[in-house]
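What follows is one structure encoded as structure tokens, with my remarks underneath.
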There are 2 protein chains.
Amino acid sequence: MARLSFRDQVLRVREDAIVSSVNRLLAEKGFDSMTVDEVAADVGIAKASLYKHFASKEALAAAAMVRVLQRARQAIEEQAATADRSAFERLRAVTRWTLQVQLAGEMPSLPAQNSTLRATLVADPKYIDLVMDVSEKLGEWIVQAQTDGALTKALPPEVILYTLFARACDPVLGFLKASGQHSDEQIVDWVLATCLDGLAARV
Amino acid sequence: MARLSFRDQVLRVREDAIVSSVNRLLAEKGFDSMTVDEVAADVGIAKASLYKHFASKEALAAAAMVRVLQRARQAIEEQAATADRSAFERLRAVTRWTLQVQLAGEMPSLPAQNSTLRATLVADPKYIDLVMDVSEKLGEWIVQAQTDGALTKALPPEVILYTLFARACDPVLGFLKASGQHSDEQIVDWVLATCLDGLAARV
DNA sequence: GTCTATAGCCAGATAGAC
DNA sequence: GTCTATCTGGCTATAGAC
């Protein structure tokens, strides 16, 4: 990690505040409903200043995605560092982390259809590298857990990986939270159970 | 069903064509990205004519939701009419129907956060009645299937109902279809399996 | 009820002074 | 790099002739 000048440190801190606001607003309202004016107001700077840091609204969203993927990779590495834990248990822990982040309103949600947004994302090497890195590490655990007999062998690893990724935007969490009758931990436990154990009774 | 004059029949057919276009565009691009200009062009009439039929863009979306809910209720009633079928089998059939509709690009997708859209929906008695009707019928089957021992008793019926509803916007279907390596039936079978059987191995 | 033309608004992005 | 002020385009919705 290169030493940063004081100037650059200030800049880093400011950009971090911007990404935090974007992350929260993306989780709250989604990409289309979020406006750059809101972001600027939330950070407390002028809109034109925002554009000195990020080239476009899409670039703001990409930065938020990079940050949440960095957090995900960190969560994965923490699991990788644990001893005496099976691949299945590690996958379960990372999935639980994902659900907790979403329930806490810290998971940015992007529309899968927006083409200019997708173009910005795939043109961002940081984003691409992180997605591939996270996919690869989870993919290894999935194969291992299938070998261990903990995960079903009836599904291809690809399907399992996508199903775990999709927990980041599972609407059931929001439904249950909106009902206001359950604790966050209870909600996470239930959704984790639907994902891993399924709805059909286990004999 | 009241007899309709020829004039009203023409009108009915035209509005049906409008709702079809809205339904497809909502499935394709989502509510925010869909423009009223596109809808008018797709139907082949002027935008001002559209507004003679529907008061707003939100009203268009509500009409599409009502239609897909009517289709859902019909699918439920077809299951209810079958003999020698358990509640669990009926739920599985309806869930399969939902996944097929989504994979076929016929499931309108609306942002859960948009407040003016939500206001239009909850102000529409047709929409509300259909949601309650569908929920009630599925809820009865869920309780029955739990009593039969086919669905897990570890989850409240509410959680199971939401989880089934969420299959209407499961992104895994689109991911797998985008990979282009699997048939639609294969994709539906896999996602249905993740939902009902879960990812963990069954002993 | 259909059309053309346009009003009115809002959001993304920029100009230019400091 | 920060600001104020503005441009530009696109979108919802409507006016008004036929």
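Residue numbering restarts at 1 for every chain, and letters A, B, ... go by the order of the sequence lines. None of these values were measured; they are calculated from a predicted model.
Residues forming a ring pair (Phe, Tyr, Trp, His ring centres under 6.0 Å) with B/F88 (at least two apart in sequence, or on another chain): none. In this structure, A/S33 has no side-chain hydrogen bond (donor to acceptor under 3.5 Å, both in side chains) partners at least two apart in sequence or on a different chain. In this view, A/D8 satisfies the salt bridge (charged side-chain N to carboxylate O under 4.0 Å, His left out) rule with no residue, not counting sequence neighbours.
C/dT4 atom C1' lies 15 Å from atom CG of B/L50, rounded to whole Å. In this entry the distance linking CG of A/L25 with C1' of C/dG12 reads 16 Å, nearest Å. Rounded to whole angstrom, the span from the NE2 atom of A/H53 across to the C1' atom of C/dG12 amounts to 18 Å. Nucleotide C/dA13 holds its C1' atom 15 Å from the CD1 atom of A/I45, rounded to whole Å. Nucleotide D/dG10 holds its P atom 16 Å from the CG atom of A/D32, rounded to whole Å. Atom CD in A/E15 sits about 11 Å away from atom C1' in D/dG1, given to the nearest Å. Going from atom CE of B/M34 over to atom P of D/dG10 covers 18 Å, rounded to whole Å.
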Can you list, pair by pair, the side-chain donor-acceptor contacts under 3.5 Å of residues 99-110 of chain A, counting residues two or more places apart and other chains?
unit_1, atom_1, unit_2, atom_2, d
A/E106, OE1, A/R71, NH1, 3.2
A/E106, OE1, A/R71, NH2, 3.3

Just list the side-chain donor-acceptor pairs under 3.5 Å for residues 159-172 of chain A, sequence neighbours left out, or say none.
unit_1, atom_1, unit_2, atom_2, d
A/T163, OG1, A/V159, O, 2.7
A/R167, NE, A/T163, O, 3.0
A/R167, NH1, A/D170, OD2, 2.4
A/R167, NH2, A/T163, O, 3.4
A/D170, OD1, A/V172, N, 2.9

Between protein and nucleotides 13-18 of chain D, map the contacts as a letter string: B base, S sugar-phosphate only, - none, heavy atoms under 4.0 Å, written 5' to 3'.
BBB---
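Looking at heavy-atom distances under 4.0 Å, B/T35 makes contact with sugar-phosphate atoms alone, never a base.
Among all heavy-atom pairs drawn from A/Q79 and A/R90, the shortest one is O-NE, 2.9 Å.
OP1 or OP2 of D/dG1 has not a single side-chain nitrogen or oxygen of A/S49 nearer than 4.0 Å. Contact annotation: B/R7 reaches the phosphate of C/dG1 (side-chain N/O to OP1 or OP2, under 4.0 Å). For the pair B/R14 and C/dG1, the criterion of a side-chain N or O lying under 4.0 Å from OP1 or OP2 is not met.
Between the side chains of B/D133 and B/S135, no donor-acceptor pair is found at a separation under 3.5 Å.
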